[in-house]
Amino acid sequence: MSIESILIVGGGLAGFTVAQNLRARGYAGSLQIIDPAGIPYDRPPLSKGYLLGDKDAAAIELAPASWFAEHRIGLVPATVRALALEPLGVELEDGAVLQADRLVLATGGSARPLPIPGGELDSVLVLRDRQDADRLRASIAPGTRLAIVGAGLIGAEVASSALALGAEVTLIDPVETPLVPAVGPELARRLHAMHAGAGITVIHGTPAGITRTGTGHRIELADGRVIECDEVLVGIGITPNTALAEAAGLQTDNGVLVDENQRTSRPGVYAVGDMARTRRPDGTLARRGEHWEHAMNTGATAAAAILAQEPPVHGASWFWSDRHGTHVEGVGDMNADGTTILRIHDGEPVAAFRVAADGTMLGAAALDGGLTIKAARRIIDRGIIVPAEALADPGVPLRKLAR
Ligand SMILES: Cc1cc2nc3c(=O)[nH]c(=O)nc-3n(C[C@H](O)[C@H](O)[C@H](O)COP(=O)(O)OP(=O)(O)OC[C@H]3O[C@@H](n4cnc5c(N)ncnc54)[C@H](O)[C@@H]3O)c2cc1C
């Protein structure tokens, strides 16, 4: 049966990429993206350039309104409240029903609330969408005492941006060195130390409660320490938005379960981006990807699968982050079984490579080393064996080893 209509629920990067790839691959039928946010926009700038005021709302749109018109992609500014499976379709919050031959779920994730008394206060800030970023920006002025709970990627980025905006930042995390699984302990230590070096108060501790105090907040830690601040931002990760899928009876487990072509347990329904989790052919569940490139890759794969075309080949997973003027990139799995080889420059680690016993590279991370990571990715994807001494030598450009 030919496909005449496709509905995409959620217009973040993943949903947008599905639409973009469907048109690029020649799909000419009806195509609509449903999202209350309207024109799809990019999220990484929300903790960086957008928060700093260097980029405005138009600058972070994934494409201008004219592009959607040109490509005949309808933008439905609404929230889906239920999925229908027989026939396939969605029900919008105003009760309107839309039907389609294929459904793509791309609803992303929501900021995970801090599970302590006061964690649910309306005044506690999170950062997931543009409105959150606008609210956070409006809360920060020179001298604002901002406490950030969670020193992972988002917490660290906001800490850095808020400091640049003149805030007095306190960064709290129960883990002594965050990000070890992503970049390995050596680079993680160096990255975390940058906060204190830049003038941020770094606290290793577990928040136990948040209370409002007149104009501000008081955070009590489990060990009795107290932090007085004006604003609190919680950045402790996301929970995937699976409620619609669960209510419709799709299989979920910390994400909507999909096969390697982004197909859910229901024929004709696909899931992509932060909310999808891959079940491998052997039945094991992959870790759910929550990065920008993963959203693009899964979107591109779903588009190919919907049209029964050859799926694109994606290499090792990749992410980046920025803090205090340092650009961090990681590729592959720095947590995999193996040993770590470091590249040291001026006495400090600048890159780390995770290598298996047989010399195969499994993961790599680098600070201000975009070209190194590009080459590492090639080495990982092609299974090139590189001598350990060369990896450790900062005088050897990695691209020479990636040939
Ligand atoms: C502040 C911030 C900074 C980031 N920085 C980086 C970075 O530096 N590097 C990196 O690799 N990654 C970064 N990421 C992660 C990256 O942006 C995400 O992985 C990516 O946005 C996921 O895309 P998505 O489309 O799956 O989900 P989202 O972007 O969350 O989009 C989901 C969309 O679904 C819509 N939606 C939800 N429910 C419904 C419903 N019921 N009806 C209709 N629409 C609905 C939402 O409105 C939303 O627009 C960052 C994320 C954030 C929030």
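All heavy atoms count here, side chains included; hydrogens, waters and symmetry mates do not.
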Here the side-chain hydrogen bond (donor to acceptor under 3.5 Å, both in side chains) pairs for residues 131-155, sequence neighbours left out, are Y50-D134, R145-D230
Separation between CG (L233) and CG (L125), nearest 0.5 Å, reads 6.0 Å
- Is there side-chain contact between L250 and L85, with at least one heavy-atom pair below 4.5 Å? yes
Quick note, side-chain hydrogen bond (donor to acceptor under 3.5 Å, both in side chains) partners involving residues 361-370, not counting sequence neighbours, are none
Strictly distance-based, threshold 3.5 Å: is any side-chain N or O of K48 a donor or acceptor partner for the main-chain N or O of P44?
yes
>> Regarding H291 and S317, do their side chains bring together a donor and an acceptor under 3.5 Å, going by distance alone?
In response: no
Stepwise side-chain contact (heavy atoms from CB on, under 4.5 Å) test for L244 and L105 | CA-CA 9 Å; L244 292 174; L105 308 180; 5.8 Å; no
Between A188 and V183, the two heavy atoms sitting closest are N-CG2, 3.6 Å
Do any N or O atoms from the side chain of D322 and from the backbone of V328 form a donor-acceptor pair under 3.5 angstrom?
no
_Can you confirm whether the side chains of R279 and Q251 place a donor and an acceptor under 3.5 Å from each other?_
yes
The side-chain contact (heavy atoms from CB on, under 4.5 Å) partner of I6 among I33, L31, L88 is L31
Applying salt bridge (Lys or Arg N to Asp or Glu O under 4.0 Å) to D259 and not counting sequence neighbours gives R263
Do Y270 and R102 have side-chain heavy atoms sitting under 4.5 Å apart? yes
**Study point:** Under 3.5 Å: donor-acceptor pair, side chain of S47, backbone of I154
**Key:** no
Correct closest heavy-atom pair for D35 and G12 would be OD2-N, 4.0 Å
Between T360 and the options V355, I385, I379, I380, the side-chain contact (heavy atoms from CB on, under 4.5 Å) test singles out I385
>> Please evaluate residues I210 and L121 with respect to the criterion side-chain contact (heavy atoms from CB on, under 4.5 Å), reporting the C-alpha separation (whole Å), side-chain torsions for both, the decisive distance (0.1 Å), and the verdict.
In response: CA-CA 8 Å; I210 305 175; L121 286 170; 4.2 Å; yes
* Look at the rings of W67 and F16 and say which category their plane angle falls in: under 30° parallel, 30 to 60° tilted, over 60° perpendicular. => tilted
Contacts of E228 meeting salt bridge (Lys or Arg N to Asp or Glu O under 4.0 Å) (sequence neighbours excluded), chain-then-number -> R218
Quick note, side-chain hydrogen bond (donor to acceptor under 3.5 Å, both in side chains) partners involving residues 162-175, not counting sequence neighbours, are none
Nearest heavy-atom approach of D274 to R288 is O-NH1, 2.7 Å
>> Measuring only between side-chain heavy atoms, which start at C-beta, is V104 closer than 4.5 Å to I306?
In response: yes
Residue pairs meeting side-chain hydrogen bond (donor to acceptor under 3.5 Å, both in side chains), one or both in residues 13-34, sequence neighbours left out, come to R25-Q309
Does the cation-pi check pass for R130 over Y41, that is, NZ or CZ under 6.0 Å from the six-membered ring centre and within 45° of its axis?
-> yes
**Prompt:** Do L114 and V124 come close enough that some side-chain heavy atom pair is under 4.5 Å?
**Reply:** no
Here the gap from I238 atom CD1 to I236 atom CD1, rounded to the nearest 0.5 Å, amounts to 12.0 Å
| request: Kindly indicate whether the side chain of M296, heavy atoms from C-beta on, has any atom under 4.5 Å from the side chain of H294. | output: no
Distance col, row L92:CG vs L98:CG, nearest 0.5 angstrom, shows 4.5 Å
**Item:** Heavy-atom donor-acceptor pair, R277 side chain to T252 backbone, under 3.5 Å
**Value:** no
Report task. Quick one: do E86 and R266 satisfy salt bridge (Lys or Arg N to Asp or Glu O under 4.0 Å)? Show the steps, please. Result -> CA-CA 11 Å; E86 306 267 353; R266 171 63 171 80; 3.6 Å; yes
Please check this pair: side chain of R112 against backbone of G237, looking for a donor-acceptor N/O pair closer than 3.5 Å. no
> Would you say H204 and D223 make side-chain contact, with heavy atoms under 4.5 Å?
Replying inline: no
Scanning both residues in full, the closest heavy-atom pair of S161 with L51 reads CB-CD2, 3.8 Å
Across all chains, not counting sequence neighbours, the side-chain hydrogen bond (donor to acceptor under 3.5 Å, both in side chains) partners of T298 are none
Contacts of R81 meeting salt bridge (Lys or Arg N to Asp or Glu O under 4.0 Å) (sequence neighbours excluded), chain-then-number -> E91
Next on the checklist: Looking at D358, I'd like to know if its CG atom is crowded, meaning that more than 12 non-hydrogen atoms belonging to other residues, nucleotides or ligands lie closer than 6.0 Å.
Outcome noted: yes
| Does the R354 side chain pair with the main chain of N335, one donor and one acceptor, at a distance under 3.5 Å? | no
Output for pair (T340 OG1, L362 CG), nearest 0.5 Å, gives 9.5 Å
Shortest non-hydrogen pair, I140 vs A167, comes out as CG2-CB, 3.8 Å
Quick one: does T264's side chain have a donor or acceptor within less than 3.5 Å of a partner on V269's backbone?
-> yes
Heavy atoms of G273 and A14 approach each other most closely as CA-CB, 3.6 Å
query = Hey, does P185 have a side-chain heavy atom less than 4.5 Å from the side chain of T177?
reply = no
Evaluate whether atom NE2 of H327 has more than 12 neighbouring non-hydrogen atoms of other residues, nucleotides or ligands under 6.0 angstrom away. yes
Those residues at least two apart in sequence (or on a different chain) that pass salt bridge (Lys or Arg N to Asp or Glu O under 4.0 Å) with E293 are R377
Residues passing the side-chain hydrogen bond (donor to acceptor under 3.5 Å, both in side chains) test with T284, sequence neighbours excluded, are R280, D282
inquiry  = Counting C-beta onward and ignoring hydrogens, is there a side-chain heavy-atom pair between V226 and I219 closer than 4.5 Å?
reply    = no
Practice problem: State whether the side chain of T278 and the backbone N or O of E260 hold a donor-acceptor pair below 3.5 Å, judged by distance alone. | Solution: no
Rounding to 0.5 Å, atoms CD (E329) and CG (L367) come to a distance of 10.5 Å
### Crowding at CG, L285 (>12 non-hydrogen neighbours, <6.0 Å)
yes
ring-ring contact (aromatic ring centres under 6.0 Å, His included) pairs touching residues 168-201, sequence neighbours excluded, are H192-H195, H195-H324
The side-chain hydrogen bond (donor to acceptor under 3.5 Å, both in side chains) partners of D253 (sequence neighbours excluded) come to none
Between the side chain of N261 and the main-chain N/O of A305, is any donor-acceptor distance below 3.5 Å? no
Main-chain N/O of E157 paired to R323 side chain as donor or acceptor, under 3.5 Å: no
So OG1 of T79 and CD1 of I34: to nearest 0.5 Å the spacing works out to 10.0 Å
